[in-house]
Amino acid sequence: MLMRITVTLLMAALLVFGLVSWADYDFWLMGPSPSHYTWWWPEEMSTLGQHADNLFWLIMVMVTVMFVITMGALTYSIWKFSAKRQDKAVFSHGSHKLELLWTAIPAAMLLVIAFSQMSTFAAMQFDSSMEDENGEELPVLCEIWASQFDWRFRYPGRDGRFGTNDDFESAYELVIPMRDREPDHDKKKNIFLLRSRDVLHSFFVPHLRFKRDAVPGMTQRIWLGVDDEQLAEIMADREDKSFDIICAELCGWGHYKMSGRVRVLPDAEYEKWVDEMTALQFGNS
Amino acid sequence: MSDPNASSIRPGMGEPGTTRTSHEHHELGFIRKYIFSVDHKVIGIQFMLLGLVFFVLGGLFAMAIRYQLAWPWESMPVIGDLLFPNTGQAITPEFYTMLFTMHGTIMIFFVIIPLLTGAFGNFLIPLMIGAPDMAFPKLNMYGFWAMIPAVGCVFMSFLQPGGGPGAGWTAYPPLSTIASASPGSLSAQTWWLLALTWVGFSSMMGAVNYVTTIVKMRAPGLTMFRMPLTVWALLIAALLQLFALPVLTAASMMQISDRVFQSGFFTPTNLVINQINPEGAGAAAGGQPLLWQHLFWFYSHPAVYIMVVPAMGLASDILSVHARKPVFGYKPMVYSMCSIAGLGFIVWGHHMFASGMNPALGMTFMVATMMIALPSAIKVFNWLGTLWGSRIQLTTPMLFTLGFIAMFIIGGLSGIWMAATPVDIYIHDTYIIVAHFHYIVFGGSVFALFGAIYHWYPKMFGRVMNETLGKIHFVGTFIFTNGVFYMMHQLGMAGLMRRTADPYDYESYAHLQPLNVFITISAFCLFVWQIFFVWNFFHSMFWGKRVGRNPWNACSLEWEAPSPPGHGNFDSPLRVYRGPYEYADPSVEEDFLAQTRDIESK
């Protein structure tokens, strides 16, 4: 009897624990968070991140339903069928109908998830090769270079071309324009080339919900777009106007300290920053 | 043991190994009997002891990892002087990379796979199908002894300059191929690759044996669809190994070749490491790092199923015995394991959604991955169907199996987020992944293994393990396992990356330390709690309660043999009349109807 109560309680606790932790994350913090960061993901500020977050919640709903059904059935059966009885168990080898039912329903759910994500994934992965109205490739904002154990960002400078003498490099900090002059929400894209000098690294910005490995020997065209409304909301109560860049692929002993920051500036301020960097470049030479 | 007469069980199977072990009655010496044994039961127990010893080592590595994550760079009390005399009693970053690399390697290649396929595969297959031994007993012995060079290579890799490999258990090049990229990539990485190759030899010899034995040596009347699900699971795992392992072996050889002969399979041109062009990389090169990832995951994704499908089989058997009810949906169980195996070969790319692989390929892998969740769901429903209307006996093996189902539900459901590519981009390589696969491999496979050890222990040693200690072991293990791994979901949601030695310098992670301290304390408790198991395991071997052939009143064939079974396993010829799960059959008085019992001619 003791064991019967114990196991049932353990399973029930796991069920409740699972629900509480997913449903209400503030619960764990027992009060307001000391920083902007909780035990949940940070605020989202990219044009696409919202789609990913929505997909996350869609899956959450489905998974919660399945979790409650399966864990609930497990907990209930453990309590109900572990009672001491003299008669035999139900002599059954299965049920064709039930098998069909619990094959078809999860299959349908999985297909819904599979298809509902395709457009977001395609937008994330393919739109970097997008062309403008005239069929020209969109200009590259900067090259992201990863190496053990730092991030360097090479900008083409005023002429917009790499390999000329007005190129400049920013270490540690990636500065990107908000593209607030661009009225079309879907066109607020900044194109980057992601490259590595030595081993594998991974460019991860939690706030942008973006992660991609930097592979030596490969140049990858990626794009990031900042949603300026979301950003304004986040910025409102923040002192520090920049966000973490984290290396997300093991790159050696110093992997843990391969950090960077990304700062998003309104277009006018971005232009000013480019001017400053250019002046610095020629001032030094 | 008076007249084992194995060949009368299966006329025509007069191949040397079986006839010798069963007919001749001479006593073997200690060395032939326990060390260089060709008896599948002894080999199984050898694998088990090897696996359990390495389990302790891998566990210690995990404890060190947890210490570092809770209190980074702080000197270790008491043992710090002994372990790290030159670095202020603290773990160094290089040492930390070695720790998680070897924790993964040891747990996968030296604990889970040897325990599931090596220990239980060897011990159970001949007994469950009514065969006197494996089809190739000597090959079986070589299979175990191939693990010894593997162990040697692992220890050699620790002794190399640099102190052990540090490129992760996935060994992604160029970090793993270029010596100047990481201290672990000096000579240690080569020894690591050799160790993996030897483990591969061992698994290969085992797999050939299992498939042959299961196909050719079943007792009369034991059709494929009368086999216990454990045998099915082990057959499927063996087939996975047969198809996937050659790829890993080839990939290891290619990486060794890159490292030793400066070939350029995986090393691209014009690398600059620490401001210099590394030796070798300039010479050949032209390689592609993604090639390794494809080859590696082509093996290692099926390996994930090698690590869980046998556990599913063991759990199904234990569940049915202790629920006193037939397995619900036997054939759907078999078919779902088969489809897991089949689909398992076309989902490896889901490890590479963020790798820079062609995104169109990512889409196909995503759909395949979604589909592989289906057979796992079907299995869960069938386990629940088995429990429904049953008469659950809350014995220790049953408790661990119920724990297995609960953990598998959590681990299985969290996998769905990972399959959804846009979400996976964020959670890829975070602690959500760590939580997910530990729920499957620790909460799932290890719980099933504990259940299996408690369940088949009487058959191995003729004595049962202590039930009270077993129950204490279960309750603590269940609580602390969730304490450790459940909270890792939270870390992962906050974006914490795995393999990060000291995360708290990042603004995003600074607030996560208290959570990590909690996890670490849970992990220490979990580790210490296993004392109940270790004591129980060794104490019961000599002083446990003696039991007869069938202490659990189970139906399957292994319980017809004496406990422990002698050479040749069975002392009378077997004939099988029905499937392995005929519990609660109303046509007999008892609540079980053994596979061999003939009720018609009575």
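The chains referred to below are lettered A, B, ... by the order of the sequence lines, with proteins before strands, and numbering in each begins at 1.
- The greatest number of non-hydrogen atom pairs below 4.5 Å with chain A, out of Arg391(B), Arg324(B), Met497(B), is found for Arg391(B).
- Ring pair Phe56(A)/Trp41(A) is tilted by interplanar angle, where 30° to 60° counts as tilted.
- When Gly495(B), Ala501(B), Ser390(B) are compared by the number of non-hydrogen pairs under 4.5 Å with chain A, Ser390(B) comes out ahead.
- The residue among Trp253(A), Phe115(A), Phe91(A), Phe243(A) with the most heavy atom pairs within less than 4.5 Å of chain B is Phe91(A).
- For the pair Arg209(A) and Tyr426(B), the cation-pi criterion (under 6.0 Å, within 45° of the ring axis) is fulfilled.
- The parts of Met71(A) that come within reach of chain B are both its backbone and its side chain, each placing non-hydrogen atoms under 4.5 angstrom from that chain.
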Practice prompt. Might you work through the side-chain contact (heavy atoms from CB on, under 4.5 Å) test for Asp429(B) and Glu249(A), ending with a clear yes or no?
Written response: CA-CA 8 Å; Asp429(B) 262 355; Glu249(A) 182 68 68; 4.0 Å; yes

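- For Phe210(A), the part sitting under 4.5 Å from any heavy atom of chain B is the backbone (N, CA, C, O) and nothing else.
- Residue Leu15(A): no heavy atom, backbone or side chain, is found under 4.5 Å from chain B.
- Among Val63(A), Thr75(A), Val205(A), Leu55(A), the residue making the largest number of heavy-atom pairs under 4.5 Å with chain B is Val63(A).
- Remark: Lys241(A) NZ is packed, more than 12 non-hydrogen atoms of other residues, nucleotides or ligands lying under 6.0 Å away.
- For the set Ser182(B), Gly287(B), Pro332(B), the entry with the most heavy-atom pairs within less than 4.5 Å of chain A is Pro332(B).
- Ranked by non-hydrogen atom pairs under 4.5 Å with chain A, the options Leu394(B), Ile479(B), Thr170(B), Thr97(B) are led by Leu394(B).
- With a 4.5 Å cut-off on non-hydrogen atoms, Asp87(A) touches chain B through its backbone and its side chain both.
- Ser119(A) does not touch chain B: none of its heavy atoms, backbone or side chain, sits under 4.5 Å away.
- Both the backbone and the side chain of Ser95(A) come within less than 4.5 Å of a heavy atom of chain B.
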Let me check something: any side-chain donor-acceptor pairs from residues 6-13 of chain A under 3.5 Å, sequence neighbours excluded? List them with distances.
| from | atom 1 | to | atom 2 | distance (Å) |
| --- | --- | --- | --- | --- |
| Thr6(A) | OG1 | Leu2(A) | O | 2.5 |
| Thr8(A) | OG1 | Arg4(A) | O | 2.6 |

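- Within the 4.5 angstrom heavy-atom criterion, atoms from both the backbone and the side chain of Leu200(A) approach chain B.
- Looking only at heavy-atom pairs under 4.5 Å with chain B, the residue among Arg261(A), His93(A), His255(A) that has the most is His93(A).
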Which atom pairs, donor and acceptor, lie under 3.5 Å between side-chain atoms of residues 367-386 of chain B and protein residues at least two apart or in another chain?
| from | atom 1 | to | atom 2 | distance (Å) |
| --- | --- | --- | --- | --- |
| Thr369(B) | OG1 | His350(B) | ND1 | 2.9 |
| Thr369(B) | OG1 | Phe365(B) | O | 2.5 |
| Lys379(B) | NZ | Met333(B) | O | 3.3 |
| Asn382(B) | ND2 | Glu99(A) | OE1 | 3.3 |
| Asn382(B) | ND2 | Ile378(B) | O | 3.1 |
| Trp383(B) | NE1 | Ser316(B) | OG | 3.0 |
| Thr386(B) | OG1 | Phe328(B) | N | 3.0 |
| Thr386(B) | OG1 | Asn382(B) | O | 2.7 |

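- Ring orientation note: the planes of Phe478(B) and Phe474(B) are tilted relative to one another, at an angle of 30° to 60°.
- Note: Phe266(B) and Trp292(B) have perpendicular aromatic rings, judged against thresholds of 30 and 60 degrees for the angle between ring planes.
- Proximity to chain B (any heavy atom under 4.5 Å) is shown, for Gln117(A), by both the backbone and the side chain.
- Within the 4.5 angstrom heavy-atom criterion, only backbone atoms of Pro173(B) (N, CA, C, O) approach chain A.
- Using the six-membered ring where Trp is involved, Trp57(A) and Trp40(A) have ring planes that are parallel, under 30° apart on the 30 and 60° scheme.
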